[in-house]
2 protein chains.
Amino acid sequence: MENGTGSLEDDRKALSVTGIRATNQRAIVLEVISRGQGHLDADEIYRRARMNQPHISLSTVYRTLQAFKKLGLIDELHFDEAHHYYEIKPAFEHQHLICLGCGKIVEFECPLSQKMKKDVARENDFEVTSVEVRMTGYCPQCRQDRT
Amino acid sequence: MENGTGSLEDDRKALSVTGIRATNQRAIVLEVISRGQGHLDADEIYRRARMNQPHISLSTVYRTLQAFKKLGLIDELHFDEAHHYYEIKPAFEHQHLICLGCGKIVEFECPLSQKMKKDVARENDFEVTSVEVRMTGYCPQCRQDRT
DNA sequence: TTACAAATGAGAAGCATTAGCAATAAGGAA
DNA sequence: TTCCTTATTGCTAATGCTTCTCATTTGTAA
């Protein structure tokens, strides 16, 4: 959990490039999300951030998340009804497959989604800015447990 | 708004077939969703239901929605962060395209999503139970207004 | 018609998220 | 460096959607 300061500096630099103030809180939130293997919700980010910065507030986490989202640094995902999840904007477009049994999330690439996007844009005369594909089902383990 | 009782009877019948009790409240909620051109949120359903049944409670609407979802009568959609939207389970699978400008929702059929589903299921050894494709962008009007 | 479980209404409670505001800290200017 | 301005923070209260509780009512099968 503590390789910390070095890459926090990198996070600060990344932030100042974007034009917003590079605060410790923001650096830590960015760091947490980067290390977080994607798919952390606000509360989990808060909990992890507090390990480095015990006084960070939940409001700040939420505000930071909004800011990052607006800057395009992160993506906000809507997996279930209750929470949002955040991940660093991925280098390659990918989609999500969610196990209804254990909640495991699998990312997959989806070349078809690009074609789909073009088709839909043309047919509806839309400018399409994002495509989110979300499949749910049961992973091998959970399928076994169910029988 | 008042062709009412006749098709409410149909709704009651549809409900008893499913095994749950056919109450007025449930019949009206089902009726409202059927007429609702898809994409109503709980509060809108509540407001419309009250026109027929002024004392229906919001709790009942939510409970009914859950029940219908479990029965597979309706689909619950996650368009934005704040609400869920409900639509009668469509006869043909379709997906949604949402205008970020005016909120308009366009449904489109998507043959590719079936192929996608099979591909993903095979590659990840998942049993895939649902595919939700959600595109966002700008419709012709809003695109014009933005310039 | 009766009996019993299921469903309802009304309001309180629960959660994630947002807003308000005084205190603090970042970043540029002197 | 020091100062100034203003964005940002922390705390707390508020909001809004959704769920829960429980006394009362209603549907259904006998």
Side-chain angles (χ1 to χ4, degrees), chain A residues 8-9 11-30 32-33 39-50 52-71 73-74 76-86, chain B residues 8-9 11-33 39-71 73-74 76-86:
Chain A
L8 274 183
E9 264 319 305
D11 291 320
R12 297 185 71 93
K13 276 178 209 146
L15 287 173
S16 25
V17 170
T18 69
I20 64 172
R21 289 189 183 174
T23 66
N24 293 327
Q25 290 87 334
R26 285 174 176 164
I28 283 165
V29 169
L30 188 54
V32 166
I33 301 177
H39 320 139
L40 304 176
D41 67 7
D43 199 64
E44 182 60 30
I45 293 169
Y46 173 53
R47 233 171 296 136
R48 295 191 188 184
R50 265 195 307 187
N52 278 273
Q53 181 118 4
H55 287 303
I56 192 172
S57 92
L58 187 53
S59 314
T60 298
V61 170
Y62 274 106
R63 275 184 298 231
T64 301
L65 257 14
Q66 293 306 332
F68 287 180
K69 192 170 61 158
K70 196 169 294 176
L71 287 170
L73 286 176
I74 61 176
E76 182 183 74
L77 307 167
H78 312 122
F79 286 158
D80 67 54
E81 15 268 60
H83 307 65
H84 307 151
Y85 294 82
Y86 299 89
Chain B
L8 274 182
E9 265 319 305
D11 291 319
R12 298 184 70 94
K13 276 177 209 147
L15 286 173
S16 26
V17 169
T18 67
I20 64 171
R21 288 190 181 174
T23 66
N24 292 327
Q25 290 87 336
R26 286 175 175 163
I28 282 164
V29 169
L30 187 54
E31 183 64 17
V32 165
I33 302 178
H39 317 140
L40 304 175
D41 67 7
D43 199 65
E44 182 60 31
I45 293 170
Y46 173 53
R47 233 172 296 136
R48 296 191 187 183
R50 266 195 306 186
M51 293 176 178
N52 277 274
Q53 181 117 7
H55 286 303
I56 192 172
S57 93
L58 187 53
S59 315
T60 298
V61 170
Y62 274 105
R63 274 184 299 230
T64 302
L65 258 15
Q66 292 307 330
F68 286 179
K69 193 170 59 156
K70 195 169 295 176
L71 287 171
L73 286 175
I74 60 175
E76 182 182 74
L77 307 168
H78 312 123
F79 286 159
D80 67 54
E81 14 269 60
H83 310 62
H84 307 152
Y85 295 82
Y86 299 87

Legend entry - Per Arg63(B) side chain, nearest of listed nucleotides dT8(C), dT17(C), dT9(D): dT8(C)
Inset, instruction - For the side chain of His55(A), starting at C-beta, report the closest nucleotide among dT19(D), dC11(D), dG9(C). - result: dC11(D)
Inset, instruction - Return the value, rounded to whole Å, for the distance between atom CG of Leu15(B) and atom P of dA7(C). - result: 11 Å
Inset, instruction - Ignoring backbone atoms, establish whether Gln25(A) has a side-chain N or O less than 4.0 Å from OP1 or OP2 of dT8(D). - result: no
Inset, instruction - State whether Tyr62(B) places a side-chain N or O below 4.0 Å from either non-bridging phosphate oxygen (OP1 or OP2) of dT19(D). - result: no
Legend entry - Nearest heavy-atom neighbours spanning Thr23(B) and Leu15(B): O-CD1, 4.5 Å
Legend entry - Any donor-acceptor N/O pair under 3.5 Å between dG11(C) base and Ser59(B) side chain: yes
Inset, instruction - Would you mind reading off the distance between Ile28(A) atom CD1 and dG10(D) atom P, rounded to a whole angstrom? - result: 10 Å
Legend entry - Value in whole Å for how far the C1' atom of dC20(D) lies from CD of Gln66(B): 13 Å
Inset, instruction - Could you tell me whether Lys13(A) and Glu9(A) have a side-chain N and a carboxylate O separated by less than 4.0 Å? - result: no
Legend entry - Leu58(B) CG to dC20(D) P, straight-line distance once rounded to whole Å: 14 Å
Legend entry - Separation between CD1 of Ile56(A) and CZ of Arg50(A), rounded to the nearest 0.5 Å: 9.5 Å
Inset, instruction - Determine the minimum heavy-atom distance between Glu76(A) and Tyr86(A), stating which atoms define it. - result: OE2-OH, 3.0 Å
Legend entry - Identified side chain to side chain contact (heavy atoms under 4.5 Å, CB included) partner of Val29(B) from the options Ile45(B), Asn24(B), Asp11(B): Ile45(B)
Inset, instruction - Mind calculating the distance between CD1 (Ile56(B)) and P (dA7(C)) to the nearest angstrom? - result: 14 Å
Inset, instruction - Can you see which heavy atom on Ala14(B) is nearest to which on Leu30(B), and at what distance? - result: CB-CD2, 4.5 Å
List, with names and distances, any nitrogen or oxygen atoms from the protein found under 3.5 Å away from nitrogen or oxygen atoms belonging to nucleotides 25-30 of chain C.
residue : atom : partner  : partner atom : Å
dA26(C) : N3   : Arg21(A) : NH1          : 3.3
dG27(C) : OP1  : Ala22(A) : N            : 3.0

Inset, instruction - Can you tell me the distance, in whole Å, between the CD atom of Glu76(B) and the P atom of dT18(D)? - result: 8 Å
Legend entry - Shortest non-hydrogen contact between Tyr85(A) and Asp41(A), atoms and distance: CD2-N, 3.8 Å
Inset, instruction - May I ask you to say what Arg26(B) touches in the nucleic acid, namely base, sugar-phosphate or nothing, with a heavy-atom cut-off under 4.0 Å? - result: sugar-phosphate
Legend entry - Atom-to-atom span, CG of Leu71(B) to P of dA6(C) - whole angstrom: 15 Å
Inset, instruction - Please report, rounded to the nearest Å, how far the P atom of dT8(C) is from the CD atom of Gln53(B). - result: 9 Å
